[in-house]
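For reference, the structure I am asking about is given below.
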Amino acid sequence: MTPSRPVVIENAAVVTMDADGREFASATVVITGNRVTGVDVAAADIPSDAERVDGSGCLLTPGLVNTHHHLYQWITRGLAADHTLFQWLTTLYPVWAGIDVDAVHAGARGAITALLESGCTTTTDHHYVFPTGAGDVIGAEIDAARGLGVRFHPTRGSMDLGESDGGLPPDSVVESIEAILADSTATIDRWHDPSPDSMLRIALAPCSPFSVTADLLRESAALARDRGVRLHTHLAETRDEQDFCVERFGCTPLEYVADLGWVGDDVWFAHGVHFDDAAVAELGRTGTAVAHCPTSNGRLGAGIARTRDLLDAGAVVGLGVDGAASNESARLLPEVTMSLLLARAVGGPTTLSTREALRLGTVGGARVLGRGDDLGSIAPGMLADLVLWDLSGPAHAGIDDPVAALVLGSPPPIRRSWVDGATVVADGRATQSDPDDLARDVASAHRRLVDRAG
């Protein structure tokens, strides 16, 4: 619930990530309702009835934005830990075939709590497994997100290319195009909120070139554009996928989906590890976005995305934790660090700066989700999605640059964070999540799912 009186954050270092890149060694930021209404406010201009939050020893940043996830996978962490992507998928598809609303709700609560406690304030989700009889799984994760207070951009994913037709997933977890399009339409009608302050927006997300047909990709793009929602899919994640597209379609993954209408400023791809020079240029030319998932890419041995090249080409790049079954911690701040380390590992020490890495996790992610006009930076009129990182402890003592401390140092505790002006984390803990109850529910859901799969 948005607070009824202003909130004033005082004495904090502030990195705004605004268009001018303003930073303050110590400043006062004012939240009124769900918006930032002042930055570097003078003492005389502080509202007399405000709640005052002492930011001494802290760094205030925009909230982090997670641009790719599979929340339900929180309850299948640690399985197939030493597999390739295709081996991992074929091992886990039969397990995921047993999910239902209770499993999805437990997984979403666990994953979103981890996100909130690592500085995330907005997350998407790519849910593409809809077993028969599972119930309203999209509704289950939306309920979990609302209960925890995160800003949520879930996608209605889909798969219609099963093993019998040459795809990777078993036939038991794919749907018909007719059923997918009908439910996609109903999901948009029921849940999508296009308003400027929206806490909930829907996108459409056929899963990948090896699990959906060309017809589904084409029809989903037409439906999304007719209804004014965004498009998302996995693309160019592994060399196996590259080989699949060359052998089956005679072209690269991007050439394949581009021919079906899947480029433009309303499209974002997860991973994008194996884009060639022509693909990088096309992404920049068309304003197509990429969700860079460095930890998951490393966990699955997929490779390292060409972050610097994508940025230089003009592509929009944000960060994603990916599913918790390929990134068991599923915490967002470490992705900022990992994006910097991997970019420098392949491109040299000046390839990506600390502030560019933080920009990927904030305004970059907001732009990926189509929210660059109201999220991702701290400026008057922007939504009050903010994180106050506590750098006062011994782990960060003596690091003069607070951005370097945040990006390169130990992950700091969160003194407070806000979504839409409301507190969602206080003293390092999500305010609406009981850790003991959460652990019990997740462990129970995991056992039920694995036992069901045999």
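Below, each value reflects all heavy atoms present in this structure, side chains not excepted, and no hydrogens, waters or symmetry copies.
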Mutual orientation of the aromatic rings belonging to Tyr72 and Tyr128 [parallel < 30°, tilted 30-60°, perpendicular > 60°]: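 Answer is perpendicular, since the angle exceeds 60°.
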
Carboxylate-amine/guanidinium contact Arg151 Asp385, below 4.0 Å: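 Looking at Arg151 and Asp385, the cut-off is met.
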
Side-chain donor-acceptor pair present, Asp18, Ser377, cut-off under 3.5 Å: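 Per modelled atom types, Asp18 and Ser377 side chains form no pair under 3.5 Å.
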
Derivation of the salt bridge (charged side-chain N to carboxylate O under 4.0 Å, His left out) call for Arg306 and Asp277: CA-CA 10 Å; Arg306 299 173 60 181; Asp277 289 347; 2.6 Å; yes

side-chain contact (heavy atoms from CB on, under 4.5 Å) partner of Ile378, chosen from Thr362, Leu60, Val15: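 The residue from Thr362, Leu60, Val15 that satisfies side-chain contact (heavy atoms from CB on, under 4.5 Å) with Ile378 turns out to be Leu60.
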
Main-chain N/O of Ser164 paired to Asp171 side chain as donor or acceptor, under 3.5 Å: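 Indeed, once roles are kept as given, a pair shorter than 3.5 Å links the two residues.
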
Where His127 and Ile138 come nearest, the two heavy atoms and their spacing: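 So the minimum-distance heavy-atom pair works out to CB-CD1, 4.1 Å.
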
From CA spacing to verdict: side chain to side chain contact (heavy atoms under 4.5 Å, CB included), Leu168, Ser211: CA-CA 6 Å; Leu168 197 65; Ser211 60; 5.6 Å; no

Residues Glu356, Arg359: salt bridge by 4.0 Å N-O rule: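 Between Arg359 and Glu356 there is no salt bridge, as every charged N stays at least 4.0 Å from the carboxylate O atoms.
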
Gln87 (side chain) donor-acceptor with His83 (main chain) under 3.5 angstrom: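 Absent.
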
Asp322 versus His68, side-chain donor and acceptor atoms under 3.5 Å: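 Present: a donor and an acceptor within the cut-off.
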
Minimum heavy-atom distance Pro253-Gln242, with the two atoms named: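 Smallest interatomic distance, heavy atoms only, reads CD-OE1, 3.2 Å.
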
Mutual orientation of the aromatic rings belonging to His271 and His234 [parallel < 30°, tilted 30-60°, perpendicular > 60°]: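 Aromatic pair His271/His234 classed parallel.
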
Spacing of Asp434 atom CG and Arg429 atom CZ [to the nearest 0.5 Å]: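 Between atom CG of Asp434 and atom CZ of Arg429 there are 9.5 Å.
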
Arg308 side-chain N/O to Thr350 backbone N/O, donor-acceptor pair under 3.5 Å: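 Answer holds: no.
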
Any donor-acceptor N/O pair, Arg344 side chain to Leu352 backbone, under 3.5 Å: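 Present.
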
Neighbour count >12 (heavy atoms, 6.0 Å) for atom CZ, Arg452: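 More than 12 within 6.0 Å, yes.
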
His126 side-chain N/O to His232 backbone N/O, donor-acceptor pair under 3.5 Å: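 It does not hold such a pair.
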
Ser198 side chain vs Asp193 backbone, donor-acceptor pair below 3.5 Å: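 Indeed, once roles are kept as given, a pair shorter than 3.5 Å links the two residues.
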
Closest heavy-atom pair and its distance - Ala305, Gly272: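 Heavy atoms of Ala305 and Gly272 come nearest at CB-O, 4.1 Å.
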
Sidechain-backbone polar pair: Trp389 side chain, Leu406 backbone, donor-acceptor under 3.5 Å: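 Not confirmed, Trp389 side chain does not pair with Leu406 backbone.
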
Worked check of side chain to side chain contact (heavy atoms under 4.5 Å, CB included) between Thr288 and Trp268: CA-CA 6 Å; Thr288 308; Trp268 87 100; over 6 Å; no

Qualifying residues under side chain to side chain donor-acceptor pair (under 3.5 Å), relative to Arg440, sequence neighbours excluded: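 So Arg440 forms a side chain to side chain donor-acceptor pair (under 3.5 Å) with Asp437.
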
Side chains of Thr423 and Arg416, donor plus acceptor under 3.5 Å: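 Looking only at side-chain atoms, Arg416 and Thr423 do form a donor-acceptor pair, the distance falling under 3.5 Å.
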
Asp259: partners by salt bridge (charged side-chain N to carboxylate O under 4.0 Å, His left out), with sequence neighbours left out: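 By the salt bridge (charged side-chain N to carboxylate O under 4.0 Å, His left out) rule, Asp259 matches no residue at all.
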
Distance-minimising heavy-atom pair for Thr295 and Glu335: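 Scanning both residues completely, I find the closest heavy atoms to be OG1-OE2, 2.8 Å.
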
More than 12 heavy atoms of other groups within 6.0 Å of Asp451 CG: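 Enclosed.
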
4.5 Å side-chain heavy-atom contact, Thr124 and Leu369: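 They are in contact (side-chain heavy atoms under 4.5 Å apart), so the answer is yes.
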
For His292, the option from Leu310, Asn297, Val273, Thr67 that meets side-chain contact (heavy atoms from CB on, under 4.5 Å):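 Considering Leu310, Asn297, Val273, Thr67, a side-chain contact (heavy atoms from CB on, under 4.5 Å) with His292 is found only for Asn297.
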
Side-chain heavy atoms of Arg227 within contact of Ile202, under 4.5 Å: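 When only atoms from C-beta onward are counted, Ile202 and Arg227 do not touch, as no gap falls below 4.5 Å.
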
Side-chain heavy-atom pair Asp183, Thr187 within 4.5 angstrom cut-off: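 Yes, close enough: below the 4.5 Å cut-off.
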
Rounded distance [0.5 Å steps], NE2 in His274 versus CD1 in Ile304: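 With rounding to 0.5 Å, NE2 (His274) is 10.0 Å from CD1 (Ile304).
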
Side-chain donor/acceptor of Thr351 to backbone N/O of Gly348, under 3.5 Å: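 Yes; judged by distance alone, with no hydrogens or angles, the pair exists.
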
Candidate pair Ser433 and Leu148, rule side chain to side chain contact (heavy atoms under 4.5 Å, CB included), full reasoning: CA-CA 7 Å; Ser433 181; Leu148 291 165; 3.7 Å; yes

Under 3.5 Å: donor-acceptor pair, side chain of Arg109, backbone of Ala106: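 Checked: no pair found.
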
pair Val387-Val425: side-chain heavy atoms closer than 4.5 Å: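 With C-beta onward as the side chain, the pair stays apart.
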
Gap between atom CG of Leu408 and atom CG of Leu340 - 0.5 Å precision: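 Reported to 0.5 Å precision, the distance equals 6.0 Å.
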
Interatomic distance, Arg225 atom CZ to Leu231 atom CG [nearest 0.5 angstrom]: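 Between Arg225 CZ and Leu231 CG, I get 5.5 Å after rounding to 0.5 Å.
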
Residues Asp374 and Arg371 bridged, charged N to O under 4.0 Å: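 Counted as a salt bridge, because a side-chain N and a carboxylate O are separated by less than 4.0 Å.
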
Rounded distance (nearest 0.5 Å) linking atom CG of Asp160 with atom OG of Ser220: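 So the gap between those two atoms works out to 8.5 Å.
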
Interatomic spacing from CD in Glu328 to CZ in Arg299 - rounded to 0.5 Å: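 Going from the CD atom of Glu328 to the CZ atom of Arg299 covers 4.0 Å.
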
Audit row: Val174, Glu163, side chain to side chain contact (heavy atoms under 4.5 Å, CB included) steps and yes/no: CA-CA 9 Å; Val174 301; Glu163 282 182 302; over 6 Å; no

Pro411 vs Arg331 side-chain heavy atoms within contact, under 4.5 Å: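 A side-chain contact is absent here, since even the closest heavy-atom pair is not under 4.5 Å.
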
Non-hydrogen side-chain atoms of Leu64 and Leu358 separated by less than 4.5 Å: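 With C-beta onward as the side chain, the pair touches.
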
Over all atoms of both residues, closest heavy-atom pair of Val101 and Val137: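 Shortest heavy-atom contact: CG1-N, 4.0 Å.
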
Gln73 and Trp96, any side-chain heavy atoms less than 4.5 Å apart: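 Yes, at least one pair of side-chain atoms sits under 4.5 Å.
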
Heavy-atom closest pair, residues Gly157 and Phe130: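 Distance-wise, the nearest heavy atoms are O-CE1, 3.3 Å.
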
Residue pair Asp215 / Thr213, side-chain donor-acceptor N/O under 3.5 Å: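 Their side chains do not contain a donor-acceptor pair, so the 3.5 Å distance test is not met.
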
Side-chain heavy-atom pair Gln432, Val424 within 4.5 angstrom cut-off: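 The answer is no, as the side chains (C-beta and beyond) never meet within the 4.5 Å cut-off.
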
With Leu115, the side-chain contact (heavy atoms from CB on, under 4.5 Å) member among Thr122, Thr121, Val321, Val150: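 Going through Thr122, Thr121, Val321, Val150 one by one, the side-chain contact (heavy atoms from CB on, under 4.5 Å) with Leu115 is satisfied by Val321 alone.
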
Sequence neighbours excluded, every pair satisfying ring-ring contact (aromatic ring centres under 6.0 Å, His included) that has a member inside residues 173-225: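 Found Phe86-Phe210.
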
Backbone N/O of Asp265 and side chain of Arg230: donor-acceptor pair under 3.5 Å: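 The answer is yes, because a donor-acceptor pair under 3.5 Å joins these two groups.
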
